[in-house]
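One-based numbering, in listed order, for ligands and for the atoms of each. The basis for the numbers below is simple: all heavy atoms, side chains too, and nothing from hydrogens, waters or symmetry mates.
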Amino acid sequence: MSVHKKEIKKVTTNVLQEMKRAGERISMLTAYDFTMAKIVDDAGIDVILVGDSASNVMAGHETTLPITLDQMIYHASSVVRAVNRALIVVDLPFGSYQGNSKEALYSSIKIMKESGAHAVKLEGGKEVKESVERILTAGIPVMGHLGLTPQSIYKFGTYNVRAKEEEEAKRLIADAKVLEEAGCFALVLEKIPAKLAEQVAKELEIPVIGIGAGGGVDGQVLVFHDMVGLNNEFHPRFLRRYLNLYDDIKGAIGKYIKDVKSKDFPNANEQY
Ligand code: KIV
């Protein structure tokens, strides 16, 4: 008797391109560790982003700036060990690519070699064009990221909506085209007006994935911890919470503490 393993069709950059052509929306979530990445992949997500938001939600930093290349590789390799189907994209951390295309290539190769991930993401427009082109010379797929780019928080000064004014909107459209021409396989647009994001998605052939960018783009991404309500202090308008895990987990821990204190746990069936 032969045993047939269920064939898993892995998500590739080509699959994402086909999804855009077919009008099928792309689902993307962040993950940073083995256990959560396994759940996210088993649920059928298309793309997992090992985001530098790990700096905030995993390490407790105020910004994404402190996380290092080695720390991103640690998170990415944990995710890679869990995933069978999704495309895994890893953020190039602050300081590992800006202003130096040779370093961008070195950082990307290190991520791919040491984590086993499938692609990298970087923030910025025409100023990172040379880096995108150089990374692509090694056959590494690159995802772009425009709009609110958290690695530039000290330049912007706030996490408010970007490109509301015409001049910045025009610059964003031009940057999106530069990234597509340079060879990016997809683009994330963060916290910009929905109409502008929809226009970019229409004008580009590559998939455009939004976060706080409305429903007219080719896919959506959220930070896992926000989407399942692990973080109860973050309430931006764009966030839809599907669970309230902060309260659920806190409640469960409260019950456990009560059971230990009252000597209810462990009971006769919970010991040897
Ligand atoms: O780091 C991250 O989680 C991101 C998403 C917000 C797109 O870049």
Side-chain angles (χ1 to χ4, degrees), residues 16 25-33 36-37 40 45-69 71-76 78-79 86-98 107-108 111 115 117-125 128 132 141-153 156 158-163 172 176 179 184-192 197 200-201 206-214 217-228 230-231 234-241:
L16 299 184
R25 291 291 198 253
I26 296 163
S27 61
M28 173 162 149
L29 268 179
T30 65
Y32 318 99
D33 69 280
M36 295 305 158
V40 172
I45 207 84
D46 299 312
V47 184
I48 292 181
L49 172 65
V50 184
D52 59 356
S53 48
S55 179
N56 310 108
V57 298
M58 300 300 287
H61 293 297
E62 225 169 88
T63 72
T64 57
L65 276 64
I67 200 159
T68 66
L69 189 56
Q71 287 165 344
M72 288 302 298
I73 289 168
Y74 167 77
H75 287 297
S78 306
V79 168
L87 182 84
I88 303 169
V89 182
V90 183
D91 264 334
L92 282 165
F94 177 70
S96 71
Y97 64 96
Q98 286 98 338
S107 304
S108 303
I111 285 176
S115 77
H118 310 133
V120 296
K121 173 164 88 57
L122 46 64
E123 297 180 6
V128 295
V132 171
V142 184
M143 180 180 270
H145 183 156
L146 293 171
L148 176 62
T149 46
Q151 291 180 9
S152 306
I153 183 58
F156 297 144
T158 75
Y159 287 102
N160 291 345
V161 178
R162 306 296 313 170
L172 186 141
L179 291 173
C184 282
F185 73 91
L187 173 66
V188 166
L189 291 180
E190 180 165 354
K191 229 173 168 189
I192 63 166
V200 174
I206 58 172
V208 173
I209 297 170
I211 173 164
V217 288
D218 307 303
Q220 298 293 327
V221 56
L222 285 176
V223 169
F224 176 83
H225 289 57
D226 302 337
M227 179 263 186
V228 297
L230 270 168
N231 173 358
F234 186 56
H235 302 277
R237 190 200 306 189
F238 69 78
L239 174 62
R240 186 179 294 180
R241 280 189 177 190

Output, or 'none' if empty, a list of ligand 1-protein atom pairs in which both atoms are N or O and the distance is under 3.5 Å, rounded to 0.1 Å.
residue: ligand 1; atom: 1 (O); partner: Asp52; partner atom: N; Å: 3.2
residue: ligand 1; atom: 1 (O); partner: Asp52; partner atom: OD1; Å: 3.0
residue: ligand 1; atom: 1 (O); partner: Ser53; partner atom: N; Å: 3.1
residue: ligand 1; atom: 1 (O); partner: Ser53; partner atom: OG; Å: 3.3
residue: ligand 1; atom: 1 (O); partner: Asp91; partner atom: OD2; Å: 3.1
residue: ligand 1; atom: 3 (O); partner: Ser53; partner atom: OG; Å: 2.5
residue: ligand 1; atom: 8 (O); partner: Lys121; partner atom: NZ; Å: 2.9

Would you please test Gln71 and Met58 for side chain to side chain contact (heavy atoms under 4.5 Å, CB included) and show each step?
-> CA-CA 11 Å; Gln71 287 165 344; Met58 300 300 287; over 6 Å; no

Report the residues that fulfil ring pair (Phe, Tyr, Trp, His ring centres under 6.0 Å) with Phe224, sequence neighbours left out, ordered by chain and then residue number.
-> none

Verify the neighbour count for atom CZ of Phe238: are there more than 12 heavy atoms of other residues, nucleotides or ligands below 6.0 Å?
-> yes

Using the ring of each side chain (for Trp, its six-membered ring), is Tyr32 parallel, tilted or perpendicular to His75, with breaks at 30° and 60°?
-> perpendicular

Name all residues meeting the side chain to side chain contact (heavy atoms under 4.5 Å, CB included) criterion together with Ile153; count only those two or more places apart in sequence or in a different chain, and write none if there are none.
-> Thr63, Leu65, Tyr159

Excluding sequence neighbours, so at least two apart, what forms side chain to side chain donor-acceptor pair (under 3.5 Å) with Lys121?
-> Asp91, His145

